[in-house]
Structures are given as structure tokens and as C-alpha cells.
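Below is one structure, written out as C-alpha cells; comments come after it.
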Amino acid sequence: MTTTGTATTGTATSTETDRVIGYSRAINEALAEEMRRDERVWMMGQDIGRLGGVFGLTRGLLEEFGPLRVRDTAINETFIVGGAAGAALAGTVPVVELQFADFLFTAADEIFHKLAKWRYMHGGQFTMPVVVRLPSGVVGGAGAEHSQSLETIAMHVAGLKVAVPATPADAKGLLKAAIRDPDPVLFFEHKGLYRVKGPVPESDEHVVPFGSARIARPGADLTVVATGLMVDRAVAAAEQLAPRGIDVEVIDPRTLVPLDIDTIVASVERTHRLLVVHEASRTAGFGAEIAAQVQERAFFALDAPVWRVCGTDTPLPQDPELEQACIPSTDDIVTAALALAAI
Amino acid sequence: MEVYRQVVTIRFAELRIREHVEKEGFGGFWHPGIGQEGLQVGAVSAMQDDDYLYYAHRGLGYAYAKGMALEALFGDLLGRRTGSTGGKGGGTVHFADASRHVLGQGGTLGSSFVMGAGTAAASQLLGDGRVTVVFFGDGASGRGTWHEAALQASVWKLPVVWICENNGWALSARFTEQSPTEHVADRAAAYGMPGVVVDGQDAMAVHDVTSEAIDRARRGEGPTLVEAKTLRIRGHYEGDRQPYRDDPVLGDEIPDDPVHRLGEDIADDVRRGIEAEARTLVEQAFDAALAAPRADRSVIFEDVWA
Ligand SMILES: Cc1ncc(C[n+]2csc(CCOP(=O)(O)OP(=O)(O)O)c2C)c(N)n1
């Protein structure tokens, strides 16, 4: 997605209903608006205060909300997430930032056990309204432990909701929904999208409900399901395929838990072909899950097997060019779609 | 007197559970807290009603002292619908009571270090004047979560008190072989917080030390680490024959029994009256829990999402 329309630098002062602002700015706005709306909302993480976050997402929030609501922590992921769990039990709504989604693993017990299961284990007596913001995906040479797409891992443990916004409007609307959600949400922000701009409704009440997929591009011949950075690449691939007589529909699920499988199935029933595209490694990725669900629900609608175009089953090399070779390119999607359409 | 009543009630509850485990070949794990009731009640009696509690896995003294009903606790142990977790908790490690500010427990040791600090951070933000008390064992003190929680709580001066029940053992591991220092409390200095060692068999001494720590926390002066020295009377779980133990296995002999200590100053007839009442209370609650319906399979889908 690139800048469209006449708005310029994406400041929040624009008065147009759909201003064009950056994905980062959209996230920052969602945080500020929700903190203004609800005094119980607060944030902690490393370098989020004075610095405004390593990617600048929390800039200006310390100044507006003060050091009790925008708290810099030590380098202590187990505290950031586990502390958020404990703070949620005491009636607050913590939104915490891990500097990189990869650090899920340094706080794994806190995420997969405490956030995901506390409510269940204790007979539903507590809610766990925690949002964990997770800068995710490749960004240009951040290396194997700073570049992963781990959303599938989050999907496998019941109790966590999983959001994967692909546009500035969804980044804002889904984050607001996440903060208002009584369940724990892992919010995967794609680092490669932070500087991308797009139209974002001005309204304070721009909330995107979980479990509602977006049709990023309508089409009649083949369905592509893609998330995050892959949505733009899938749409670009669709534009290349259109003149070649293949009308591709691109669906962005926006949240993987809950997953809007109905919209995907309905699309496949119209197009009869499905390609799932994700940046995460191929093996046991969410593409496999979507493929399985679609064949369970729409086997007779399929004219071809469900295919996947995915990241390689390798750690990500640090070199920015090699790193790109490990995730699907627009060309990869075009090639796969052509082959799939020919079956 | 009230402390004595609670400690005696918990002792009878411990004995009733043991009887059940022995007679019925109970399938779950029960980590007996027998002999540690005094320190549990002593510490909790220093808390206010709306202070937050994270208990440890040994016994049920803390939860009862914080006001949870025995029947709900037994119900959890027995997998009954009337348990505080509605039958899903099983065993006792996950009982909870939001109305009593008993926030529950995780199955992974040490998770409550960070959660407790976070709860205290919420109290600090809300200015609700509440203190969070977190119990843990000497074994759990080895977890890295301790370091992260203690460091941040001390820097932020969070209203939290950590109470180590040092019973000398972590399953088969002796504390003396797992710690480079004589006391867990010695580690407090590294975080700029007070570390206090107290005789865990002396309920009133634990009460005093905990009161001081709670007051300090409430005044905004930050966390304290309390270490109550106690003994593990039974095995890691009821039924554990402790083949790893080379010193004499303690049976029913409870050295320096906290119950006796507390009873010393109470007139015989009053004491007997309290004991008789406690025994009845425990028997009735246990019978009621046994008679309550078991949770059926439908509960497994409850409470995944809010
Ligand atoms: C993170 C984690 N590691 C290991 C265990 C298994 N485990 C449960 S209790 C226990 C011993 C705990 O010893 P301590 O903390 O001293 O408490 P005590 O049982 O003596 O009361 C162990 C090893 C666990 N539950 N969680």
C-alpha cells in the first residue's frame, strides 16, 4: 500500500474523514485514544518512554500520560508479560511491548501459560485483558532472532487471540479492539509495514471487530489468503495476473484467532481455487490449518488442491537480500497462481 | 485466639485430606502443608481483606486464612462442581476467589514472582492502597523470574511482600545443596530491599515480621523478602516415600509444632472447645464436598474465552 490521495505527512491534525497516515502513526493514535478513553489502560516495556520505543511507536505518550502509565522497564520480558498478567487481575488494562516478536520465547511461560490459561484454570473468575504488541517479520537484516513471524505458534495454544494487521486502518482499528477485549491478545505488527501509509478513519470509534476478514481485492477465479506484508504482495500479484486473464481475490483474515473461515470458504465456493501465502516458515504454518479447514468444509467446491507459498524452513539469514529470498515475493505468488489456475 | 482457631482448622483439614488420600487411593497430587500452617496463617493474618494473595502449592492454609470456604477448597481437591474453580481446577493448586482477593496460582513455579509484582504495579497506578503478598518455596527461589520481579519491584518501590517458606527441600533437592548462601533472604540485599529471616514455627513472630513488611509496602517504601524457616514434615506429595531422604523421615512428629505453640497460652477448656468446633467444621465441609456433583465433560469448554 502506498500513499494515495492528497493528504501529506500523515499528522493527526488533518480534518479529512479518511486521512492518509502511516501504520506506526495509526498504532500510536490507537494507544493514545484508548488511554484517554479509559484510565485503567497503561503501558510498559523497554525504552517505550523517553525514547518512544525502538521503532518510535510510543512517541509522545510519556509526555501526555506520565511515567506511571507509560513505564520503562528493565530488560525483563518475564516481568513485562507476567507483570501485565498480574496487573490485569488487579483491574487494569496493560498494553505491553516486546521489542521484537521473537522475544515471545523469552517470556514463553508468561504468554502461553499465564495469559492464555489463567482464566480457564481458575474457573472463569478472572479476565485477562492484556495486549502484547509484537514487532514482527523481516525488516532488513535484523537476523534470525529478530525477524520471525510467530503467529502460528500463538494460534496453537488455546486462550490467546491473534491479530495480524496489514494496513494502517486495520492497525488502528484492531489495536483498539484488542485493548477493549477482555481476553489476552497477541498483536503482531509487521516491522516492514511501519512506514507504509494508507487511509485511516478519523473517528475515535474506528474499531475493527476480531474475526472479520477483509477482502483486499475482489476477484472471481482464484482466492489468495494472505496476512501482514504478504497482503500487499498478493494484491500486486493480482494486478499482474489480471491482464493475463486470472482474476484473483485477495482475503486478509486480519485476525487468525478468531479466524473468519466463513469468508474464506464463501470465496473458495465462488473461485474454486485457494492459495495461502505467509511469511512464516511453511511447515505447520497457519497455511496448513486454513488448507485443512477449507477442504473439510468445501471439498466439493475445490477444482484443485490448496497450495501454499510460504517462508522457507530455515532460520532467517541476516543479510537483507538473502532474507528476502526466504520469504515469498510477488513473483513467487504470480508463478504459483498461474500454475494453480492451470490445474 | 483467631489465629489458633484457623491453624487448628487447617490442621484438621490437612489430616482429613491425608485420610482420604490413604483410604481412597486418591489419584491427584496433594502437597501437604502440615507443619507449615502456623507461618501461613501468621502471615495472612497480617493482611487486610482487600490485599491480594498469591499462595504456594503446599497446603491450603493461606487460602482458608484469607477467607475462602473450606467446602470450596475441598471441592477443588475432589474435582467437584462446588469447588472454587467449578470442577476444572482439580487438585488444589488452582483454587481462587476473586471476592477474597485470592488470585490463584500457576502450575509453573516462580510465575507468581512476576505476576505479584505486576499486581502491585496496578495497585500503585490505581492508588488503591492494596498490598500483594506472594508465597513461594525455597526451591522456587531459584527461578529467574525472581530476579526480574525483585529488580523491577524494588526500582519502582512496588507494594509487594514475598514470603519464602523454606522447608529445606525442593522435591528431592536439599536447600543447602542448592543455595550458595545460608538464607534465601540474603539475596534481598542485591535488590536494595530488606531481607528478614524468621522462625516459621512461630506464627506470631511471622505475623509481626509480615505486618512490618506490609506496612512498609503500604507506605510506598517498596518490597520486602521474608524467609520463614520451617520443615517439610511429609513427602513432596502425600504418598511420596522419600527414598532420597537420608535423615529420618518425619512422620506425625512435628518438631516445634506451631499448633502446640499457639495453644500454650489458651486455657484448656477454651482450647478444647475451639478444637471440637474446628473438627466439626472440617468434617461437615468435607462431607458436603464429597456429596457434591462431579464436573461433567461439558466444563472443558467453559471459560476459554471471556
Ligand atoms: C517451573 C517449574 N519447574 C518445576 C516444577 C516441578 N515442581 C513442582 S513443586 C517442585 C518443588 C518445589 O520446591 P519448593 O519451591 O521448595 O516448595 P516445597 O514443595 O518445598 O513447598 C517442583 C520441582 C514446576 N511445577 N514448575
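- Smallest separation of non-hydrogen atoms from B:Lys88 and A:Gly123: NZ-CA, 4.0 Å.
- Ranked by heavy-atom pairs under 4.5 Å with chain B, the list A:Gly159, A:Ala85, A:Ala88 is led by A:Gly159.
- Listed for the A:Arg119 side chain is no donor-acceptor partner under 3.5 Å among the backbone atoms of B:Val304.
- The 12-atom threshold is exceeded at CD of A:Glu63, counting heavy atoms of other residues, nucleotides or ligands nearer than 6.0 Å.
- Chosen from A:Arg69, A:Met121, A:Glu39, A:Met128, the residue pairing most often with chain B at heavy-atom distances under 4.5 Å is A:Met121.
- Between the side chain of A:Trp118 and the backbone N or O of B:Gly106, no donor-acceptor pair lies under 3.5 Å.
- Contact annotation for residues 115-127 of chain B against chain A (heavy-atom separation below 4.5 Å, listed by residue number): B:Met115, B:Ala117, B:Gly118, B:Thr119, B:Ala121, B:Ala122, B:Gln124, B:Leu125, B:Leu126.
- Put simply, the side chain of A:Tyr120 gets close to the backbone of B:Ile300: a donor and an acceptor are under 3.5 Å apart.
- If you measure heavy-atom distances from B:Val155 to chain A, you find no contacts under 4.5 Å at all.
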Hey, mind stepping through B:Ser99 and A:Gln125 against side-chain contact (heavy atoms from CB on, under 4.5 Å) and telling me if it holds?
CA-CA 9 Å; B:Ser99 73; A:Gln125 290 192 58; over 6 Å; no

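- In this structure the side chain of B:Tyr54 reaches within 4.5 angstrom of the side chain of A:Leu89, judged on heavy atoms.
- For A:Lys117, no part sits under 4.5 Å from any heavy atom of chain B, backbone or side chain.
- Looking at A:Leu160, the atoms closer than 4.5 Å to chain B (heavy atoms on both sides) all sit in the backbone: N, CA, C or O.
- Summarising the local packing, CG of B:Leu290 is surrounded by more than 12 heavy atoms from other residues, nucleotides or ligands at distances under 6.0 Å.
- Considering only heavy atoms from C-beta on, A:Val257 comes within 4.5 Å of B:Trp305 through its side chain.
- Contacts of B:Leu103 with chain A are made by both backbone and side-chain atoms, with heavy-atom separations under 4.5 Å.
- At least one donor-acceptor pair closer than 3.5 Å links the side chain of B:Gln152 to the backbone N or O of A:Ala74.
- With a 4.5 Å cut-off on non-hydrogen atoms, A:Thr127 touches chain B through its side chain but not through its backbone.
- Taking both residues in full, the closest heavy atoms of B:Thr145 and A:Glu110 are given as CG2-OE2, 3.7 Å, listed atom of the first, atom of the second, then distance.
- Atom CZ of A:Arg50 is surrounded by 12 or fewer heavy atoms from other residues, nucleotides or ligands within 6.0 Å.
- Ranked by non-hydrogen atom pairs under 4.5 Å with chain B, the options A:Ile75, A:Asp109, A:Val81 are led by A:Asp109.
- For B:Val160, no part lies under 4.5 angstrom from a heavy atom of chain A.
- Taking CZ from A:Arg71 and CH2 from B:Trp156, the interatomic distance works out to 4.5 Å, rounded to the nearest 0.5 Å.
- A search for ring-ring contact (aromatic ring centres under 6.0 Å, His included) contacts involving A:Phe105 returns nothing, not counting sequence neighbours.
- Closest of all the heavy-atom pairs between B:Glu148 and A:Glu77 is OE1-N, 3.4 Å.
- The candidate from B:Ala149, B:Ala153, B:Ser84 with the greatest count of non-hydrogen atom pairs under 4.5 Å with chain A is B:Ser84.
- Here the NE2 atom belonging to A:His122 is positioned 7.5 Å from the CD atom belonging to B:Gln105, to the nearest 0.5 angstrom.
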